[in-house]
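Every chain is numbered from 1 and lettered A, B, ... according to where its sequence line falls, protein lines coming before strand lines. For the numbers below, each heavy atom of this structure counts, side chains included, while hydrogens, waters and symmetry mates do not.
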Protein chains: 2
Amino acid sequence: MLVSEKTIERLCLYRRFLRELRVQRTTYAYSHQLAKMAGLTAAQVRRDIMAIGYYGSPVRGYEVEKLLESISDFLDGPDSLGVALIGVGNLGRSILAYLNRRNSRLNVTAAFDTNPEKIHRVIVSCHCFPLEDYPRVVREKNIHSTIIAVPADQAQPVADLIVKSGVKGILNFAPVHLSVPEEVFVENIDMAIALEKVTYFAQQDNKARAER
Amino acid sequence: MLVSEKTIERLCLYRRFLRELRVQRTTYAYSHQLAKMAGLTAAQVRRDIMAIGYYGSPVRGYEVEKLLESISDFLDGPDSLGVALIGVGNLGRSILAYLNRRNSRLNVTAAFDTNPEKIHRVIVSCHCFPLEDYPRVVREKNIHSTIIAVPADQAQPVADLIVKSGVKGILNFAPVHLSVPEEVFVENIDMAIALEKVTYFAQQDNKARAER
DNA sequence: CGGTGTGAATTAATTCACAGCA
DNA sequence: TGCTGTGAATTAATTCACACCG
């Protein structure tokens with residue numbers, strides 16, 4: 001089943017909303033309600049849901065619990081997934097705090113740094129290992145994805161280490177393009193570029209539509 | 001001149017590379033070199049550069065200094081631009097540190113929080129004001145864009161305040177969709193979703209191409 | 001009715017491929 | 001020859017619009 005990157009992203013969003021709805025004891029939701037929450041069109045939502053082969057009822061819409069389960073079955077693999085973080089500076093620590101505080105099953109379970117002062121300390125309930133232990137810990141903790149939060153000039157060697165260790169997903173906060181083999185998925189979060197973009201569009205009084 | 005969001009993003013990237021090239025005293029660059037640095041095709045780079053009306057030489061490629069100037073003229077407005085940050089928690093502070101440490105002319109010049117312990121302290125060389133001063137400081141410091149780094153449940157009211165104060169660009173780190181009038185540009189950085197996406201594609205051994 | 005599912009149409013983004021030039 | 005600039009083709013993403021259904 002081939003689903004586009006954009007659709008995957010939106011499915012993750014819908015899942016978040018569905019969890020909220022479940023908490024509020026809402027049992028059914030229409031595509032236009034989900035669309036409203038996500039800032040999308042109803043047709044888009046229906047298309048995305050179609051992509052995972054779930055079917056709603058034309059009269060009541062989508063059953064929250066069931067749709068949630070379908071999306072999760074689709075997104076989550078069978079095995080539980082470990083996430084590592086490399087680079088325990090300011091940014092790394094706050095990413096760690098941010099992600100591990102959420103209820104998600106995606107928790108960062110191992111951190112790595114080269115700074116001897118950080119090694120073997122526990123940071124936001126996550127043990128910090130020396131970087132050279134990465135390949136071993138990847139095996140032991142079943143790490144599938146790794147977050148890069150090191151300075152720009154160290155990002156490529158770190159990425160090489162990640163790839164060599166067999167990890168296939170990278171979330172990269174360093175402002176550089178990483179060269180990796182094509183079976184490795186890289187998502188870049190470049191805060192400086194994002195801010196420049198916002199500033200550009202803030203100046204244009206704004207015909208260019210966008211926002212997601 | 002109407003330029004797509006994606007193109008703007010890439011222009012910001014090229015600018016970064018051009019600055020690096022300038023530091024290394026490189027005077028000319030070919031589209032395929034820029035493409036390599038950005039992980040794109042050469043045709044894409046040429047299209048983007050076309051969009052801003054700059055012309056390279058078919059024999060030497062693009063003149064680094066000149067192209068840099070053209071891109072900057074295009075991206076940066078005439079007036080210098082202030083950026084504010086709302087929410088001086090862990091995440092906010094590390095965003096601040098990250099952005100203000102770069103040489104960019106886009107510096108965060110004012111921070112805001114409601115926590116009395118943070119107010120009127122200086123955080124990463126940036127004064128922290130009480131949130132209610134936001135409209136005033138926006139005027140005084142010529143703020144055009146604002147970064148939201150508050151908890152999810154406070155993001156919408158904060159966005160409303162931003163909009164009411166006449167600011168037209170928002171960089172939103174809170175995991176919620178913001179409702180704003182359509183002349184206001186919102187860029188979302190949702191770290192939790194980004195990680196879920198990476199994890200999804202890390203599992204698929206990976207036919208779905210992507211990465212930017 | 002007011003929903004869903006979806007083929008068809010549209011619009012956006014990217015890539016191809018080649019003329020033209022020094 | 002090896003680049004740029006760009007029309008044309010292609011591919012991807014989104015939206016339209018309507019059949020169908022309880």
Discussion item. Under the side-chain contact (heavy atoms from CB on, under 4.5 Å) test against T146(A), which residue among I162(A), V108(A), L161(A) passes?
Written reply: I162(A)
Item to complete: Send over the distance from K6(B) NZ to dT14(C) C1', rounded to a whole Å.
Response: 9 Å
Fill in: Salt bridge flag under 4.0 Å for residues D76(A) and R15(A)
yes
Discussion item. Please identify which of these residues, V158(A), I170(A), V163(A), meets the side-chain contact (heavy atoms from CB on, under 4.5 Å) condition with L178(A).
Written reply: I170(A)
Item to complete: Using whole Å, report how far CD of E5(B) lies from C1' of dA13(D).
Response: 14 Å
Item to complete: Figure out the NE2/C1' separation between H32(A) and dG3(C), and round it to whole Å.
Response: 9 Å
Fill in: Between dG2(C) (C1') and Q33(A) (CD): distance, integer Å
12 Å
Discussion item. Just the rounded figure in Å: distance from P of dG22(D) to OH of Y28(A).
Written reply: 14 Å
Discussion item. Please classify the nucleic acid contact of S31(B) as base, sugar-phosphate, or nothing, using heavy-atom distances under 4.0 Å.
Written reply: sugar-phosphate
Worksheet entry | Residue pair T109(A) / C126(A), side-chain heavy-atom distance below 4.5 Å | no
Worksheet item: Should the ring pair F74(B) and Y200(A) be called parallel, tilted or perpendicular, given that the plane angle runs from 0 to 90° and is split at 30 and 60?
Response: parallel
Practice prompt. Indicate whether the side chain of Y62(A) and that of S57(A) have a donor and an acceptor atom separated by less than 3.5 Å.
Written response: no
Worksheet item: Would you say R105(B) has more than 12 foreign heavy atoms packed within less than 6.0 Å of its CZ?
Response: yes
Practice prompt. Would you please confirm or rule out a distance under 4.0 Å between OP1 or OP2 of dT15(C) and any side-chain N or O of Q44(B)?
Written response: yes
Fill in: Electrostatic pair R16(B)-E20(B), nearest N-O below 4.0 angstrom
no
Which protein N or O atoms sit under 3.5 Å from an N or O of nucleotides 5-11 of chain C?
residue, atom, partner, partner atom, Å
dG5(C), OP1, G56(A), N, 2.6
dG5(C), OP2, Y62(A), OH, 2.8
dG5(C), N7, R46(A), NE, 2.9
dG5(C), O6, R46(A), NH2, 3.0
dG7(C), N7, R47(A), NH2, 3.1
dG7(C), O6, R47(A), NH2, 2.8
dA8(C), N6, R47(A), NH2, 2.9

Fill in: Flag if over 12 foreign heavy atoms under 6.0 Å of CZ, R136(B)
yes
Practice prompt. Nearest whole angstrom, please: distance from the P of dT15(C) to the CG of L40(B).
Written response: 8 Å
Worksheet item: Y30(A) has an atom OH; how far is it from atom P of dC21(D), in whole Å?
Response: 18 Å
Worksheet entry | Helical bend (five base pairs per end, nearest 10°) for the helix from dC1(C)-dG22(D) to dA22(C)-dT1(D) | 0°
Discussion item. On DNA chain C, does the nearest nucleotide to P58(B) precede the nearest nucleotide to P58(A) from the 5' side, or the other way round? Give the residue.
Written reply: P58(A)
Response to the item:
Taken to the nearest whole Å, CD/E63(B) to C1'/dT4(D) is 15 Å
Worksheet entry | Earlier contact from the 5' end, DNA chain D, for R10(A) and V59(A) | R10(A)
